[in-house]
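Have a look at the structure below before the remarks.
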Protein chains: 2
Amino acid sequence: MKQAIYNIGVEDTMRIIGGKWKPIILCHLKHGIMRTGELRRAIPNITQKMLTQQLRELEDDGIINRKVYSQIPPKVEYSLTEYGESLNKILEDLCVWGEKDIERRKQKGENIILLNKEDVAADSLPYAD
Amino acid sequence: MKQAIYNIGVEDTMRIIGGKWKPIILCHLKHGIMRTGELRRAIPNITQKMLTQQLRELEDDGIINRKVYSQIPPKVEYSLTEYGESLNKILEDLCVWGEKDIERRKQKGENIILLNKEDVAADSLPYAD
DNA sequence: TTTTAAAGGTACTTTTTAGTACCTACTGCA
DNA sequence: TGCAGTAGGTACTAAAAAGTACCTTTAAAA
């Protein structure tokens, strides 16, 4: 059995949700169940390979569920596990912080664009400013 | 001027605080001012090069301050900017989630160790490696 | 006189991560 | 008949990130 040694908790968190695609995948899944194709369309530029690979790792870490329907053509649904949902607040905060940061940089004259503010559910979320 | 396009806020957040070392550096700096050497001792295994490089990038993104004292030998202090402090809650949550996750995995029999629950830390102590 | 400590620079190499291209199976539809 | 949609797998390559080794400056201490 291989041993894992961490110096600080955040190392473990980042091992699990870090990288280029995992935070994005999780930020979509926190809204509910999604099929593979939905995720692929929701995440422009991700390849089938990277999507599947990242989903497998998240599944192995107990963050997401993979539900396979035995039918043709195949149907697979992904969702956060109960444990994965313990990340909901963090994921939301990460999204919102980024949205505000982009807004801030835009104000400063940077050429920066956010395509989907899909996350905010704007009317239900009071901005603490 | 180069253009930055994001599909979702979390992409920007991760660009700024993601990677192997930045979350760790920031989790230390959220406790207050630290000198370069303190950070180096607090983060075992980080090299001088990576430390400086990551600190520069965080500075460029407006997250941390770099205060240079004109003296020999040199003295440089790093701290979160006011803007950087808007990440405090997120950083704390990332740390705590990881600590709990490590505890959970340990209970499940995984061979996993957390050396410093850094929030009680004497994080300026020189650790032998 | 040599060494140490401080902070950091730079060229180069290695490792890790991500991307490309092409493959599977099955069924319905035009 | 042949292609689209669905959810993958796999070998190989490219790019990004991180690591190694060695360099600088200066004052004080050994």
Side-chain angles (χ1 to χ4, degrees), chain A residues 2 4 6-7 10-12 14-26 28-29 33-61 64-79, chain B residues 2 4 6-7 10-12 14-26 28-29 33-61 64-79 124-129:
Chain A
K2 58 173 184 276
Y6 298 101
N7 289 284
V10 72
E11 285 179 66
D12 179 60
M14 296 306 285
R15 178 188 65 76
I16 293 172
I17 70 164
K20 180 170 179 180
W21 298 115
K22 282 178 189 169
I24 302 175
I25 292 171
L26 292 172
H28 284 288
L29 284 181
I33 296 170
M34 290 181 83
R35 292 186 59 177
T36 313
E38 280 185 281
L39 278 167
R40 217 177 39 235
R41 284 186 293 276
I43 308 175
N45 307 323
I46 200 170
T47 59
Q48 173 68 251
K49 180 203 155 195
M50 290 311 292
L51 180 58
T52 318
Q53 181 180 303
Q54 304 300 301
L55 288 168
R56 289 293 173 283
E57 292 180 11
L58 290 167
E59 195 191 355
D60 291 345
D61 281 321
I64 65 171
N65 285 128
R66 178 166 182 265
K67 183 172 179 185
V68 183
Y69 293 82
S70 291
Q71 63 182 51
I72 298 280
K75 175 177 174 182
V76 178
E77 286 178 347
Y78 293 96
S79 57
Chain B
K2 57 175 184 274
Y6 298 101
N7 289 286
V10 71
E11 284 179 67
D12 180 59
M14 296 306 286
R15 180 188 63 76
I16 293 173
I17 70 164
K20 180 171 181 178
W21 298 115
K22 282 178 190 169
I24 302 176
I25 292 170
L26 293 172
H28 284 289
L29 284 180
I33 295 168
M34 290 180 83
R35 292 186 58 177
T36 312
E38 281 185 281
L39 278 167
R40 218 178 39 237
R41 285 186 294 275
I43 307 175
N45 309 321
I46 199 171
T47 58
Q48 173 68 250
K49 181 204 156 197
M50 289 312 293
L51 179 58
T52 318
Q53 181 181 304
Q54 304 301 301
L55 287 168
R56 288 294 173 283
E57 292 179 12
L58 290 168
E59 195 190 356
D60 291 345
D61 282 321
I64 65 172
N65 284 127
R66 179 166 181 266
K67 184 171 179 186
V68 182
Y69 294 81
S70 291
Q71 62 182 52
I72 297 284
K75 176 177 173 181
V76 179
E77 285 178 347
Y78 292 96
S79 57
S124 59
L125 290 183
Y127 276 78
D129 28 318

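Chain A is the first sequence line, chain B the second, and so forth, proteins listed ahead of strands; every chain is numbered from 1.
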| field | Spacing of Ile24(B) atom CD1 relative to dA18(D) atom C1', expressed in whole Å | value | 13 Å
| task | Measure the distance from CG on Leu51(A) to C1' on dG19(C) and round it to the nearest whole Å. | result | 14 Å
| Shortest non-hydrogen separation from Leu58(A) to Lys22(A) and the atoms involved | CD2-CD, 3.9 Å
| message | Is any side-chain heavy atom of Gln48(B) closer than 4.5 Å to one of Thr36(B)? | response | yes
| query | Does a side-chain heavy-atom distance below 4.5 Å link Ile46(A) with Ile24(A)? | reply | no
| note | note: Gln71(B), atom CD; dA6(C), atom C1'; distance rounded to Å ~ 9 Å
| Separation of atom CG in Asn45(A) from atom P in dG19(C), rounded to whole Å | 8 Å
| message | Taking the side chain as everything from C-beta on, heavy atoms only, tell me whether Arg15(B) gets closer than 4.5 Å to Asp61(B). | response | yes
| What string of B, S and - do you get for nucleotides 5-11 of chain D 5' to 3' if you count protein non-hydrogen atoms under 4.0 Å? | BBSBSBB
| CZ of Arg15(B) versus P of dA17(D): gap in Å, rounded? | 11 Å
| query | Within the structure, does a side-chain N or O atom of Lys20(A) lie under 4.0 Å from either OP1 or OP2 of dG19(C)? | reply | yes
| field | Length of the CE-C1' vector between Met50(A) and dT17(C), whole Å | value | 7 Å
| query | Would you say Trp21(A) and Leu55(A) make side-chain contact, with heavy atoms under 4.5 Å? | reply | no
| task | Quick one: closest heavy-atom pair of Ile64(B) and Leu29(B), and the distance? | result | CG2-CD1, 3.8 Å
| remark: Taken to the nearest whole Å, CD/Glu57(A) to P/dT16(C) is 13 Å
